[in-house]
Novice: 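My questions will all concern the structure given below.
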Amino acid sequence: MKIIFAGTPEFAAIALAALHAAGHEITLVLTQPDRPAGRGMQLHASAVKQFALAHNIPVAQPISLKLDGKYPDVAKEAHDLLHATPHDVMVVAAYGLILPQSVLDIPRLGCLNIHASLLPRWRGAAPIHRAIEVGDVETGVTIMQMELGLDTGPMLLMERLPIAADDTTATLHDKLAKLGGDMIVEALDKLEQGGLTATPQPEAGANYAAKIAKEEATLDLTQPAQELARKIRAFNPFPGAMGICNGTPVKFWQAEAVESSNHWQAGQVISANAHDGVVIACGDGALRVTELQKPGGKRLPAAEFIKGFPLEDQRFD
């Protein structure tokens, strides 16, 4: 099939690579404008753009697609390009721009979205993070026919995936990205043969997976250790969960909840040694943190970290 692909990060690039490998013709890629990144804040192309350029696929990077928005001339140019580009279907994965109805109406077979959740469980920008944060035992990928609502369109394909006890957003992302790539190839094969059935989403059980804010990174150690351990996994790799010790933010990259007596004040370091790791009292139980990082430093095992940042008898705010 001839495909216009819209996506930006690595999750989308893996799906694009799967479609390309399956022999579909990608006639155009839409992706977010290059963004400054790194210490030098130099402009960096998205993962999707990098793949497209490496495979000689045309790329467009409009800052808006809304004809009645802030940049109508840019949107009009993008619309003209979409109309002029031969394609049967548009595939969308973590694009980052809202597709107005005027865009959704262009492809002959509509717009298919790859969404990293068992809809309607998590609609919105951060379904992987939020699933881990609240303790879901499974997640998956839904291929959805797009409509104007936020991830509300009818479901075309769904596959489930268990969430392992040690999964972080990073590890679960990679599993779901691979699954999403396989599923969109399957979906297009079935679409081409007329074998896809659209199932409306139920409203019951829908939740909004809000984008992760940096402010969420600082842990409230009065919360139960089980909840905090999930947050640490959910915020790995971004934004990285942390506690504040003597005014210094310390990131926690790996941790587990352990039992503790109730006489410790939340935030108090119970022990900090090579054998136990860094054990911190919480509102209920304690966190055993086994990988930490100070500002400007590397991620280190607890045994190495405490050599340069002693934590015995310290406390986290």
Side-chain angles (χ1 to χ4, degrees), residues 2-16 19 26-38 41-117 119 122-129 142-154 177 180 184 208-214 238-239:
K2 287 183 169 64
I3 299 168
I4 291 178
F5 186 90
T8 298
E10 185 65 23
F11 181 89
I14 290 171
L16 176 59
L19 291 169
I26 316 298
T27 55
L28 176 67
V29 157
L30 298 178
T31 191
Q32 288 272 334
D34 297 357
R35 304 291 189 198
M41 295 302 286
Q42 294 183 344
L43 290 178
H44 284 260
S46 71
V48 163
K49 180 179 178 180
Q50 292 178 44
F51 181 91
L53 294 179
H55 293 84
N56 299 312
I57 302 170
V59 175
Q61 297 175 272
I63 56 176
S64 174
L65 293 169
K66 293 183 177 181
L67 294 171
D68 58 352
K70 189 176 179 180
Y71 306 98
D73 292 343
V74 171
K76 175 63 164 57
E77 184 178 345
H79 277 65
D80 291 345
L81 178 60
L82 293 175
H83 280 289
T85 301
H87 67 287
D88 303 301
V89 66
M90 182 183 290
V91 173
V92 183
Y95 178 29
L97 284 188
I98 294 174
L99 301 189
Q101 191 65 49
S102 55
V103 169
L104 297 175
D105 290 340
I106 294 174
R108 178 175 64 87
L109 296 175
C111 299
L112 273 57
N113 179 250
I114 309 168
H115 187 73
S117 173
L119 288 171
W122 291 111
R123 297 170 176 169
I128 303 175
H129 303 75
T142 305
I143 307 296
M144 172 188 65
Q145 187 85 42
M146 294 184 70
E147 60 180 30
L148 270 183
L150 178 63
D151 299 327
T152 58
I184 192 61
Y208 177 59
K211 184 178 179 180
I212 303 298
K214 289 185 178 181
F238 176 85

Novice: Give the intermediate values and the outcome of side chain to side chain contact (heavy atoms under 4.5 Å, CB included) for residues Tyr71 and Lys66.
Specialist: CA-CA 7 Å; Tyr71 306 98; Lys66 293 183 177 181; over 6 Å; no
Novice: Would you confirm whether Asn113, through its side chain, and Met144, through its main-chain N or O, come within 3.5 Å as a donor-acceptor pair?
Specialist: no
Novice: Indicate the atoms forming the closest heavy-atom contact of Leu19 with Phe5, along with that distance.
Specialist: CD1-CD1, 3.8 Å
Novice: Give, for atom CG of Leu82 and atom OG of Ser102, the distance between the pair rounded to the nearest 0.5 Å.
Specialist: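 Going from the CG atom of Leu82 to the OG atom of Ser102 covers 9.0 Å.
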Novice: What pair of heavy atoms forms the shortest contact from Ala93 to Ile114, and how long is it?
Specialist: CB-CD1, 4.0 Å
Novice: Can you name the nearest heavy-atom pair linking Ala12 to Gly7, along with the distance?
Specialist: CB-CA, 3.8 Å
Novice: If you take all heavy atoms of Gly110 and Val89, which pair is closest and at what distance?
Specialist: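 Minimum heavy-atom contact is O-CG2, 3.2 Å.
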Novice: Could you tell me the separation between the CG atom of Leu30 and the CE atom of Met90, rounded to the nearest 0.5 Å?
Specialist: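 Those atoms lie 5.5 Å apart.
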Novice: Report yes if the side chains of Ile212 and Pro239 come closer than 4.5 Å at any heavy-atom pair, otherwise no.
Specialist: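 Counting from C-beta outward, Ile212 and Pro239 do come under 4.5 Å.
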Novice: Check this for me: Leu43, atom CG, are more than 12 non-hydrogen atoms of other residues, nucleotides or ligands nearer than 6.0 Å?
Specialist: yes
Novice: Using modelled atom types only, decide if a donor and an acceptor are shared between the side chain of Thr31 and the backbone of Val48 within a distance under 3.5 Å.
Specialist: no
Novice: Mind checking the CD1-CG spacing from Ile184 to Leu112? Nearest 0.5 Å is all I need.
Specialist: 5.0 Å
Novice: Nearest 0.5 angstrom please: Leu150 CG to Arg123 CZ, how far?
Specialist: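 Leu150 CG to Arg123 CZ: 8.0 Å, rounded to 0.5 Å.
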Novice: To the nearest 0.5 Å, what is the distance between CG on Leu99 and SG on Cys111?
Specialist: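 Reported to 0.5 Å precision, the distance equals 6.0 Å.
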Novice: Could you tell me how the ring of His83 sits relative to the ring of His79: parallel (under 30°), tilted (30 to 60°) or perpendicular (over 60°)?
Specialist: tilted
Novice: Quick one: does any side-chain atom of His115 pair with a main-chain N or O of Trp122 as donor and acceptor, under 3.5 Å?
Specialist: yes
Novice: Please identify which of these residues, Ile106, Leu28, Leu109, meets the side-chain contact (heavy atoms from CB on, under 4.5 Å) condition with His87.
Specialist: Ile106
Novice: Is the shortest heavy-atom distance from the side chain of Ile26 to the side chain of Phe51 under 4.5 Å?
Specialist: no
Novice: Kindly give the heavy-atom pair with the smallest separation between Pro62 and Pro33, and that separation in Å.
Specialist: O-CD, 4.1 Å
Novice: Search all heavy atoms of Ser64 against all heavy atoms of Val74 and return the closest pair with its distance.
Specialist: O-CG1, 4.0 Å
Novice: Between atom CD1 of Ile3 and atom CG of Leu16, what is the distance when rounded to the nearest 0.5 Å?
Specialist: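 Here the interatomic distance stands at 9.0 Å.
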Novice: Is it true that Arg108 and Asp88 make a salt bridge, defined as a side-chain N closer than 4.0 Å to a carboxylate O?
Specialist: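 Between Asp88 and Arg108 there is a salt bridge, with a charged N closer than 4.0 Å to a carboxylate O.
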Novice: Could you go step by step and tell me if Val29 and Lys49 meet the side chain to side chain contact (heavy atoms under 4.5 Å, CB included) rule?
Specialist: CA-CA 8 Å; Val29 157; Lys49 180 179 178 180; 6.0 Å; no
Novice: Ignoring hydrogens and angles, tell me if any N or O in the side chain of Gln61 forms a donor-acceptor pair with the backbone of Gln32 under 3.5 Å.
Specialist: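 Flag set: sc Gln61 to bb Gln32 pair under 3.5 Å.
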Novice: Judged by atom type as modelled, is there a donor-acceptor pair below 3.5 Å linking the side chain of Thr27 to the main-chain atoms of Pro86?
Specialist: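 Yes; judged by distance alone, with no hydrogens or angles, the pair exists.
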